[in-house]
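Atoms within a ligand are numbered from 1 in the order they appear, just like the ligands themselves. If you're wondering where the values come from, they're calculated on a predicted model, not measured in any experiment.
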Amino acid sequence: MTIKDIFETMDYGPAPESGAEAMAWLDGKGRKFGCFIGGSHTKPGALFGTANPAAGDLLAEITQASAGQVDAAVSAARKALPGWQKLGGHGRARVLYALARALQKHSRLFAVIETLDNGKPIREARDIDVPLAARHFYYHAGMAQLMEAELPGREAIGVCGQVIPWNFPLLMLSWKIAPALAMGNTVVLKPAEYTPLTALLFAEICTEAGVPPGVVNIVTGDGAVGEMIVTHEGVDKVAFTGSTAVGRRIREATAGTGKALSLELGGKSPYIVFDDADLDSAVEGLVDAIWFNGGQVCCAGSRLLVQESVAERFHEKLKARMAKLRVGDPMDKCVDVGAIVHPVQLESITRMVEANRAGEVYRAETAMPATGSFYPPTLITGLDPADTLMQEEIFGPVLCGTTFRTPAEAVQIANNTRYGLAATLWSENINLALDIAPKLVAGVVWVNGTNMFDAAAGFGGVRESGFGREGGWEGLAAYTKPSGKAKPLARIDALGGNGATAEGLDRTAKLYVGGKQARPDGGYSRGVHGKSGALLGQVPVANRKDLRNAVEAAQSAAGWAKSTGHLRAQILYYIAENLEARSVEFAERIDAMTGKRGGQDEVAASVRRLFTYAAWADKFDGQAHGVPIRGVALAMREPVGVIGALCADEAPLLGLVSVMGAAMAMGNRAVLVASEPFPLAATDFYQVLDTSDVPAGVVNILTGAHAELAPVLASHLDVDAVWSFSSSDLSGIIERKSAGNLKRTWVNHGRARDWTGEDARAFLEAATEVKTVWIPYGE
Ligand code: NAI
């Protein structure tokens with residue numbers, strides 16, 4: 001017998017992990033848990049059970065929190081806020097460090113409880129979930145330490161309501177709590193109803209680590225409790241990870257309330273194998289991509305795209321590997337695929353796969369446990385990219401695949417989804433890999449590896465996978481806001497007319513769409529009057545059709561995103577040059593419209609602002625994050641896409657130029673609705689754009705009623721972000737309507753902005769998405 005034969009015939013013996021300590025912990029609590037509010041555990045109330053999905057046995061009973069308990073938790077968090085902030089960065093760093101240490105000291109207990117409650121293999125809980133959770137607390141201890149020096153002018157948002165899912169209960173808790181605490185916020189967190197136990201154990205180590213009472217509150221219960229938290233008026237910021245359907249609902253429920261929101265939602269992430277890939281590594285990668293945590297991973301590589309020339313060979317290798325996967329008791333250290341979290345999820349996976357009639361289904365003859373909530377690793381090949389299983393999230397160990405012929409086709413199929421969370425690509429050709437990575441519409445791209453995570457690298461999606469990043473410097477934006485108090489927004493109305501007509505030859509302002517002046521569809525215009533009541537000019541009233549035309553023009557100027565920062569800078573400088581040449585005319589126009597004497601300063605500030613964005617166009621770059629792998633994680637700044645903006649009423653030129661400059665500098669295209677009461681500076685600006693080499697469609701300008709155009713802009717599916725600086729507070733309608741395709745919004749929530757202050761970074765950040773590209777290297 002050769003050594004190879006021995007290895008091939010040898011079977012695994014069971015290597016069970018002991019559950020004794022976990023059971024002793026549960027017994028010590030009487031197997032009944034209350035919530036953790038203000039540093040104390042409440043008495044168990046109305047109870048529901050949490051079970052071990054591998055065996056079906058009840059582990060403990062958990063409290064369905066009442067509205068009064070949610071109130072109490074929010075009040076405790078509010079009360080703890082000043083003290084926690086006064087502790088300062090170093091004080092908080094010490095507490096976060098103690099939490100990281102406590103997680104490490106109790107790591108095995110956490111891992112075992114996680115496995116019992118969730119059904120994930122103990123190997124994963126022990127080697128991935130718990131160490132990564134500790135890493136998040138270490139990393140963010142550092143962020144707390146550095147906050148004062150590195151984030152001047154930023155402060156905590158306040159009380160954070162955080163709702164997390166069941167697939168990575170402790171890890172998602174750490175992703176939410178660590179950055180929030182580091183930046184001086186306090187939290188009310190709700191774990192998922194299927195998996196509350198590690199959050200309750202975490203509550204205990206908060207006390208052990210010296211977290212002041214009320215800084216962390218854990219409230220348990222189902223979606224109804226989640227809804228109470230996210231809609232609670234004492235909550236300043238909501239952070240949610242879970243399904244896209246619930247994320248959309250939360251977007252609608254929080255619209256117009258002024259609450260900050262970050263959403264990390266579903267995905268249908270492509271896993272692309274090119275013909276020059278190391279096929280064996282790519283097969284092994286798939287084990288991590290789709291069978292890690294039983295495929296119950298938001299960024300699971302669930303759509304397999306294999307280049308046609310190697311597809312047969314690759315599928316054979318994959319099937320051979322599937323035959324070696326061990327499905328079974330998650331407490332066995334030799335098991336690869338554990339239990340599905342809950343019979344409800346098992347049923348949902350089963351239903352989706354059974355409803356499918358397309359492709360070929362393959363399952364290896366894997367031994368399956370006789371009882372418990374298990375689903376066999378499944379491969380379905382030969383699907384059409386439009387098939388339901390290629391579009392919908394299954395959230396189970398089911399890999400769906402198709403083939404492609406050329407790299408361009410791979411990109412097209414990969415991006416044919418409403419999601420944009422992650423993507424994986426395999427190729428030994430660095431040229432091809434680094435060409436494809438930026439073309440994939442996803443927040444995270446893994447090259448020759450998959451499911452790599454670290455606290456130092458941002459994670460999060462685009463499109464309907466949500467918005468905001470977790471991890472890295474970019475993740476801190478979700479937990480801070482600019483310091484200081486803003487003035488309340490004051491509505492600015494147009495000046496009325498007195499019947500006097502305009503002087504001189506009639507000048508007819510139109511709309512500016514696709515680089516041309518266009519007549520409004522509706523054929524309506526309105527007069528713009530000066531302080532004395534004399535007519536200064538007429539502007540068209542754009543309607544929804546004009547807005548759609550402008551979006552279409554912006555969409556067709558997609559090439560701008562690929563232009564170099566150098567070119568974009570040159571064009572912005574050129575706009576500044578041409579504006580300055582006409583500064584007297586613009587200043588007079590602004591003075592005439594507003595009836596004030598600030599025109600000259602506003603034009604000068606606009607020229608300066610254009611210079612600022614021209615300066616940043618080739619400098620607002622990304623980072624190479626220091627992640628603990630052999631390789632790099634590149635945080636690349638990409639344009640958001642088409643940005644629709646309602647420009648400031650009070651600063652007719654500077655408001656327009658500030659938004660346009662930031663959008664253009666970062667490679668976006670813009671649909672701008674001019675100042676509603678004072679639109680003539682914008683219509684005069686068309687000629688400046690025409691003489692400055694701005695490609696058609698990059699900037700489109702409409703005049704009209706903000707309140708009418710805002711909902712159309714916010715619900716348009718080809719608009720990627722909506723900003724509003726209008727003096728009419730349209731935040732609620734914009735946020736609500738944006739829920740359709742979960743576009744990014746940046747609205748004023750009743751707060752005025754000082755346009756004379758340069759806040760370039762805020763604009764540049766809103767104009768970009770961070771894509772993290774992981775590139776491991778070496779043998
Ligand atoms: P879910 O999105 O309903 O649950 C996630 C969390 O949100 C839980 O803590 C839940 O109690 C809470 N929740 C539910 N409704 C809420 C509401 N109206 N307001 C506030 N919080 C609310 O996910 P579910 O039902 O457990 O799983 C269904 C599907 O969602 C899965 O099959 C999967 O496709 C997807 N999912 C995606 C996750 C991801 O990480 N992207 C995680 C979990 C589920």
Side-chain angles (χ1 to χ4, degrees), residues 48 50 53 62-65 70 117-120 129 161-169 171-173 175-176 188-199 218-232 235 238-255 259 261-269 292-300 302 340-353 373 375 388-389 391-398 418-422 443-444 451 453 459-461 463-468 470 739 742:
F48 64 91
T50 186
I62 311 295
T63 293
Q64 167 77 4
V70 172
D117 207 12
N118 166 280
K120 64 176 66 208
D129 294 52
Q162 307 181 315
V163 177
I164 57 171
W166 39 259
N167 51 352
F168 294 92
L171 187 57
M172 287 304 106
L173 173 148
W175 283 25
K176 296 277 179 287
V188 175
L189 177 134
K190 189 193 85 65
E193 51 272 48
Y194 299 158
T195 55
L197 292 178
T198 43
I218 307 288
V219 174
T220 48
D222 60 11
V225 179
E227 195 152 346
M228 283 191 247
I229 295 172
V230 302
T231 55
H232 197 289
V235 165
V238 171
F240 172 77
T241 297
S243 60
T244 295
V246 173
R248 187 172 281 127
R249 210 163 141 182
I250 293 177
R251 168 69 294 180
E252 285 167 354
T254 56
K259 289 184 188 5
L261 177 64
S262 44
L263 297 175
E264 201 268 274
L265 309 175
K268 190 77 190 175
S269 300
F292 169 56
N293 204 19
Q296 304 166 102
V297 183
C298 50
C299 53
S302 52
I340 298 301
V341 70
H342 194 274
V344 168
Q345 282 299 119
L346 179 63
E347 198 191 306
S348 148
I349 299 166
T350 310
R351 204 176 337 108
M352 281 187 85
V353 175
S373 174
Y375 196 87
T388 308
L389 291 191
Q391 292 293 332
E392 299 299 324
E393 195 173 28
I394 302 174
F395 229 65
V398 183
R418 62 199 171 98
Y419 295 113
L421 191 49
V444 183
N451 272 344
F453 309 101
F459 180 89
R463 292 183 174 166
E464 293 185 32
S465 294
F467 42 75
E470 297 189 286
L742 286 166

Which ligand 1 atoms are under 4.0 Å away from a heavy-atom of [X]?
{"X": "G226", "answer": "19 (N), 20 (C), 21 (N)"}
{"X": "A192", "answer": "9 (O)"}
{"X": "I164", "answer": "6 (C), 8 (C), 9 (O)"}
{"X": "G266", "answer": "41 (N)"}
{"X": "P165", "answer": "42 (C), 43 (C)"}

In the protein, which heavy atom is nearest to [atom], and how far is it?
{"atom": "atom 35 (C) of ligand 1", "value": "S243 CB, 3.6 Å"}
{"atom": "atom 18 (N) of ligand 1", "value": "E227 OE1, 3.2 Å"}
{"atom": "atom 44 (C) of ligand 1", "value": "F395 CE2, 3.8 Å"}
{"atom": "atom 34 (O) of ligand 1", "value": "E393 OE1, 3.2 Å"}
{"atom": "atom 16 (C) of ligand 1", "value": "V246 CG1, 3.4 Å"}
{"atom": "atom 24 (P) of ligand 1", "value": "W166 NE1, 3.7 Å"}
{"atom": "atom 14 (C) of ligand 1", "value": "G223 CA, 3.5 Å"}

Between atom [atom1] of [X] and atom [atom2] of [Y], what is the distance when rounded to the nearest 0.5 Å?
{"X": "F168", "Y": "L173", "atom1": "CZ", "atom2": "CG", "value": "14.0 Å"}
{"X": "I218", "Y": "T198", "atom1": "CD1", "atom2": "OG1", "value": "9.5 Å"}
{"X": "I340", "Y": "S348", "atom1": "CD1", "atom2": "OG", "value": "9.5 Å"}
{"X": "F453", "Y": "D129", "atom1": "CZ", "atom2": "CG", "value": "9.5 Å"}
{"X": "L261", "Y": "R251", "atom1": "CG", "atom2": "CZ", "value": "5.0 Å"}

Where the side chain of [X] meets the backbone of [Y], is there a donor-acceptor pair that is under 3.5 Å apart?
{"X": "Q345", "Y": "H342", "answer": "no"}
{"X": "T195", "Y": "P169", "answer": "no"}
{"X": "R463", "Y": "R418", "answer": "no"}
{"X": "N167", "Y": "N293", "answer": "no"}
{"X": "S465", "Y": "G267", "answer": "no"}

* Asked: Does D222 approach ligand 1 within less than 4.0 angstrom via side chain, backbone, both or neither, non-hydrogen atoms only?
  ->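 The backbone, only.
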
* To do: Using a 4.0 Å heavy-atom threshold (strictly under), name the region of L265 that reaches ligand 1: side chain, backbone, both or neither.
  =>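 Under 4.0 Å from ligand 1, L265 contributes backbone atoms alone.
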
Out of [options], who is nearest to [atom] when you count heavy atoms only?
{"atom": "atom 12 (C) of ligand 1", "options": "V163, N167, I340", "value": "V163"}
{"atom": "atom 41 (N) of ligand 1", "options": "G461, C298, G396", "value": "C298"}
{"atom": "atom 10 (C) of ligand 1", "options": "M172, E193, E392, Q162", "value": "E193"}

* Test item, F240 contacting ligand 1 (heavy atom, 4.0 angstrom) ->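 In this structure, F240 qualifies as a contact of ligand 1 - some heavy atom is under 4.0 Å.
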
* Asked: Mind checking whether S348 has a heavy atom under 4.0 Å from ligand 1?
  ->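 No, S348 has no heavy atoms under 4.0 Å from ligand 1.
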
Heteroatom distance test ([X], ligand 1): nitrogen or oxygen, under 3.5 angstrom:
{"X": "T241", "result": "no"}
{"X": "G242", "result": "yes"}
{"X": "Q345", "result": "yes"}

* Is the centre of the W175 ring less than 6.0 Å from the centre of the F459 ring? ->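 Yes: the rings meet the under 6.0 Å criterion.
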
* To do: Establish, yes or no, whether a centroid distance under 6.0 Å links the rings of F395 and Y375.
  =>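 Between F395 and Y375, the centre distance exceeds or equals 6.0 Å.
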
* **Qualifying side-chain hydrogen bond (donor to acceptor under 3.5 Å, both in side chains) pairs, either residue in residues 220-229, two or more places apart** =>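 Residue pairs with at least one partner in residues 220-229: Q64-D222, E227-R249.
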
* Please, which pairs that meet salt bridge (charged side-chain N to carboxylate O under 4.0 Å, His left out) have at least one residue in residues 190-199, sequence neighbours excluded? ->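 Applying salt bridge (charged side-chain N to carboxylate O under 4.0 Å, His left out) to every pair that reaches into residues 190-199, excluding sequence neighbours, yields K190-E193.
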
* Please indicate, with yes or no, if any protein heavy atom is found under 4.0 Å from atom 3 (O) of ligand 1? =>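 There is a protein heavy atom less than 4.0 Å from atom 3 (O) of ligand 1.
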
* **Sub-4.0 Å protein heavy atom next to atom 7 (O) of ligand 1** =>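 For atom 7 (O) of ligand 1 the answer is yes, since some protein heavy atom falls inside 4.0 Å.
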
